[in-house]
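Before any comments, here is the structure.
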Amino acid sequence: LGSLLAGALGLGAAMAGAHHVEAKAEEQRAAVEAAVQRATLDGKRQKIADEWEDRIVRVCAGSVVRIVGVEVWESGGFSLDGECGPGGTRWKDVAVYKDALAADAKLPEGCGVEVEPGAHRGAVLIHVSTANHLIEDVSYPDDYSPLTVNAPAPIGVRRDGAKEGPVNRQASMLLVGQRGSGKTNLMNVMLANQCRMTDSVSWVIDLNGGGLALKWMRAWQAAGRPGRAPIDWVADTPAKAQAMAQALVRISKARKTGYQDREIAANDDKLPVDHEVPEIRVFNDEGAEIFSTRSRRDETLRAIADDLIQTLEIARAAAVNETTSGLRATQDVLSDPQVLKQSTFKAGMKVAHDSELNYLFGYNHGSSVEDAPYPGCALVQDGDGQAHPLKIYRLKPDQILDIVKATADRHPELDELSRQAAGEAYEQRWANTGHLFGGPMPAPTAAPTPAAPAALQGRGVTAGWDTTPAGGDAQATIDQAEEARRKLREAMNDAGSRDDDLDAQFRNILAAGGVTWQPPASGTAPAPGPQEGDGDPRRELVYEIVAKSGPDGIGPEAIRDAIGRLYPNVEVPHAATIGRWLGSDPRVHKPKFGRYAVRPEETP
């Protein structure tokens with residue numbers, strides 16, 4: 001045992017010594033490679049490398065980064081190619097200290113340090129700007145050559161003057177910013193890029209009179225309407241927006257099934273787009289008009305929002321994407337989290353506080369409102385990349401006219417499959433749009449009653465495939481009952497007090513709504529059934545919700561929630577009242593504790 005123990009100790013010491021020698025040799029080898037790479041640097045770049053190696057050690061809690069490459073920008077600044085030292089230092093560890101590095105280097109106001117991943121996980125790229133390119137306006141380039149959704153479409157320049165923009169093919173986008181921050185200009189820049197694309201069509205939802213589309217449509221009018229319109233469909237009223245949103249859902253589903261052969265031929269799991277089958281890009285200006293908590297109280301706006309969210313969830317592969325703008329990045333403006341989560345490209349113009357950037361980019365974005373302090377500047381994040389400042393191109397009306405003329409023969413036509421799915425709403429999209437081309441505003445008309453949403457059907461990623469919208473005889477009965485109840489309230493308010501003819505008035509109002517009711521005969525017990533008790537028309541509405549819930553049934557609180565969502569103008573009955581109504585209805589039973597369902601023999 002003693003011999004074995006001595007041998008084990010000796011072997012352990014030998015192995016530790018060998019590992020130490022190997023580690024020392026690896027460290028020396030890395031140092032030699034770094035020295036060889038550094039030897040290629042000239043005097044000025046060598047000085048920059050030495051200065052920043054010392055600065056990183058001093059500022060970044062002792063982290064060691066060897067600078068092996070320096071690229072000096074003509075526009076003012078340089079990029080550092082670094083190799084992180086031993087100990088597992090990552091580029092993210094350096095990125096935490098980027099503001100401190102800029103302060104230690106005493107960079108001019110508006111200049112900064114940006115840190116990105118390098119060639120491998122132990123490498124880092126550090127971009128240092130010494131000239132502020134974020135102050136002065138940068139005009140939209142006068143190059144109107146064709147673009148494609150499959151390549152970056154520049155929307156501005158970075159601190160080093162390099163052009164940057166998102167790849168549109170799979171990106172839905174979210175843009176936020178205060179009034180006067182340049183958000184509308186950014187939307188116009190994106191529309192300019194859309195005009196240059198040979199494989200994308202643009203639709204616009206703007207409930208403020210179509211303001212985003214006006215300059216483009218009037219420029220097309222001024223040019224003599226050459227080729228095709230720069231914007232293929234404009235929805236400037238809630239009714240038109242609802243028609244467009246419903247068409248988007250139908251197109252998304254039609255493309256998923258109708259273009260399978262096209263995807264298989266391209267060996268791709270997403271729809272290949274080109275001039276024949278273009279991407280559809282929907283610009284939703286001032287999204288708070290649709291997505292805010294206040295707007296959700298309006299039935300039509302809520303239906304529009306639900307269809308747009310459904311499109312976000314299912315239509316990426318089908319090449320139907322959305323660009324949404326809003327005044328603030330807060331939960332009251334963007335009430336549905338899917339708008340935020342499904343938008344892979346985000347841009348924050350001037351905002352009130354860093355908390356809005358935290359909501360927009362997440363809490364580890366490492367940027368602040370001070371990084372983009374000037375009008376026309378934005379903090380942008382593309383995918384999982386770091387948020388960084390960008391100076392958005394400035395686009396003026398005279399250049400819009402030039403772009404419209406230069407690209408009029410380039411816009412694709414909506415493919416036939418999508419056109420059929422869009423239906424009559426698309427074919428009639430230019431009705432009552434003379435004001436977009438400089439004519440008078442049309443006389444206001446009452447918005448049509450929207451189709452009632454499906455009752456108690458959740459909206460998930462499957463998006464209700466192969467289901468029919470709510471309606472039919474059951475839904476008509478609910479609508480008639482609600483209309484009868486509304487008229488009853490009006491009659492009671494007009495009467496001011498109960499009179500002898502109120503029962504006759506009540507029966508006439510219900511009959512006008514398509515609902516029959518007979519009061520119990522004097523001195524006799526009422527016949528059992530749905531109208532037993534107080535005769536409230538909401539009883540039949542509650543029964544129809546129970547009938548649609550299926551054999552497993554539904555609880556009173558869920559019924560109250562359904563009434564509140566589907567019929568915001570109806571006073572929601574108390575849960576105890578619902579339980580009393582259903583408990584006395586012979587058509588209903590309890591399949592489980594606390595849940596009500598229609599008896600199997602009563603199921604229509």
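Being a predicted model, the structure only gives us computed values, none of them experimental.
- At a threshold of 4.5 Å between non-hydrogen side-chain atoms, the residues R196 and D143 count as touching.
- Under 4.0 Å is where a charged nitrogen must lie from a carboxylate oxygen, and between D93 and R90 at least one such pair does.
- The structure places CD of E164 at 5.5 Å from CG of L390, a figure rounded to the nearest 0.5 Å.
- Panel note: side chain D206, backbone G211; a donor-acceptor pair is recorded below 3.5 Å.
- Remark: side-chain polar atoms of S202 are not paired, donor with acceptor, to backbone N or O of R281 under 3.5 angstrom.
- Of the possible polar contacts, one joining the N193 side chain to the P154 backbone as a donor-acceptor pair under 3.5 Å is found.
- Contact detail for K183 and V176: the closest heavy-atom pair is CD-C, 3.9 Å.
- A cation-pi arrangement is absent between R410 and Y144 under the rule of less than 6.0 angstrom and at most 45 degrees off the ring axis.
- When side chains are defined from C-beta on, D274 counts as touching R262, because their heavy atoms get closer than 4.5 Å.
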Candidate pair W52 and V128, rule side chain to side chain contact (heavy atoms under 4.5 Å, CB included), full reasoning: CA-CA 10 Å; W52 278 83; V128 183; 3.8 Å; yes
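- With no hydrogens or angles considered, no side-chain donor-acceptor pair links N284 and E322 at under 3.5 Å.
- Counted by atom type alone, S79 and E71 present zero donor-acceptor pairs between their side chains at under 3.5 Å.
- Nearest heavy atom pair, residue L340 against residue Y359, reads CD2-O, 3.1 Å.
- Annotation for S252 and A318: closest pair O-CB, 3.9 Å, computed over non-hydrogen atoms.
- The aromatic rings of W233 and W203 sit perpendicular to each other, their planes meeting at more than 60°, with 30° as the lower class boundary.
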Can M187 and T323 be said to form a side chain to side chain contact (heavy atoms under 4.5 Å, CB included), step by step? CA-CA 9 Å; M187 297 279 275; T323 297; 4.1 Å; yes
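- In this structure, CG in L186 is found 9.0 Å from OG in S325, a value given to the nearest 0.5 Å.
- One distance of note links CE of M244 with CG of D307; it measures 12.5 Å at 0.5 Å rounding.
- R316 and S172 share no side-chain donor-acceptor pair at under 3.5 Å.
- Counting only residues at least two apart or in different chains, ring pair (Phe, Tyr, Trp, His ring centres under 6.0 Å) contacts with residues 177-200 are absent.
- Each of R158, H127, H388 was compared with E114 under the side-chain hydrogen bond (donor to acceptor under 3.5 Å, both in side chains) criterion, and only R158 meets it.
- Using modelled atom types and a 3.5 Å distance limit, the side chains of Q310 and D306 yield no donor-acceptor pair.
- Counting only distance, with no hydrogens or angles, the side chain of S343 and the backbone of V339 share a donor-acceptor pair below 3.5 Å.
- Within a 6.0 Å sphere centred on CG of D398, heavy atoms belonging to other residues, nucleotides or ligands number more than 12.
- In plain terms, the two heavy atoms of P389 and L134 that are nearest each other are CB-CD1, 3.8 Å.
- Residues N321 and Q170 are not in side-chain contact: their nearest non-hydrogen atoms beyond the backbone lie 4.5 Å or more apart.
- Contact check for P412 versus T198: no side-chain heavy atoms found under the 4.5 Å cut-off.
- How far CD1 of I392 is from CG of N185: 8.0 Å, rounded to the nearest 0.5 Å.
- Counting heavy-atom neighbours within 6.0 Å of R58 CZ, excluding the residue itself, gives a total above 12.
- With values rounded to the nearest 0.5 angstrom, I290 atom CD1 is found 5.0 Å from I304 atom CD1.
- Contact annotation: the side chain of V282 never approaches that of T311 to less than 4.5 Å [non-hydrogen atoms, C-beta and beyond].
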Check the pair N188 / Y140 against side chain to side chain donor-acceptor pair (under 3.5 Å), numbers first and verdict last. CA-CA 10 Å; N188 280 322; Y140 187 88; over 6 Å; no
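- When all heavy atoms of P166 and F345 are compared, the pair lying nearest together is CB-CD1, 3.6 Å.
- Between the CG atom of L360 and the NZ atom of K346 there is a distance of 6.5 Å, given to the nearest 0.5 Å.
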How far apart are the C-alpha atoms of R66 and E53, what are their side-chain angles, what is the distance that settles it, and do they pass the side chain to side chain contact (heavy atoms under 4.5 Å, CB included) test? CA-CA 6 Å; R66 294 188 182 91; E53 280 188 356; 3.8 Å; yes
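- By the 4.0 Å N-to-carboxylate-O rule, K240 lies close enough to D236 to be salt-bridged with it.
- E276 and D415 get closest at one heavy-atom pair: O-CB, 3.4 Å.
- Taking the side chain as every heavy atom from C-beta outward, T130 and F78 approach each other to under 4.5 Å.
- Judged by distance alone, the side chain of K270 and the main-chain N or O of A317 form no donor-acceptor pair under 3.5 Å.
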Go through the steps to decide whether L308 and T324 satisfy the test side chain to side chain contact (heavy atoms under 4.5 Å, CB included), and finish with yes or no. CA-CA 10 Å; L308 291 177; T324 304; over 6 Å; no
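- Side chain of R394 to main chain of D137: no donor-acceptor pair is present (N/O by atom type, distance under 3.5 Å, no hydrogens or angles).
- A donor-acceptor pair under 3.5 Å is absent between the side-chain atoms of R169 and the main chain of A151, judged by distance alone.
- Without hydrogens or angle criteria, D199 side chain to V149 main chain gives a donor-acceptor distance under 3.5 Å.
- Looking only at side-chain heavy atoms (C-beta outward), L395 and I403 come within less than 4.5 Å of each other.
- With a 4.5 Å cut-off on side-chain heavy atoms, C84 and W91 do not count as touching.
- Applying the side chain to side chain contact (heavy atoms under 4.5 Å, CB included) test to P226 and every residue at least two apart in sequence or in another chain returns W220, A223, A408.
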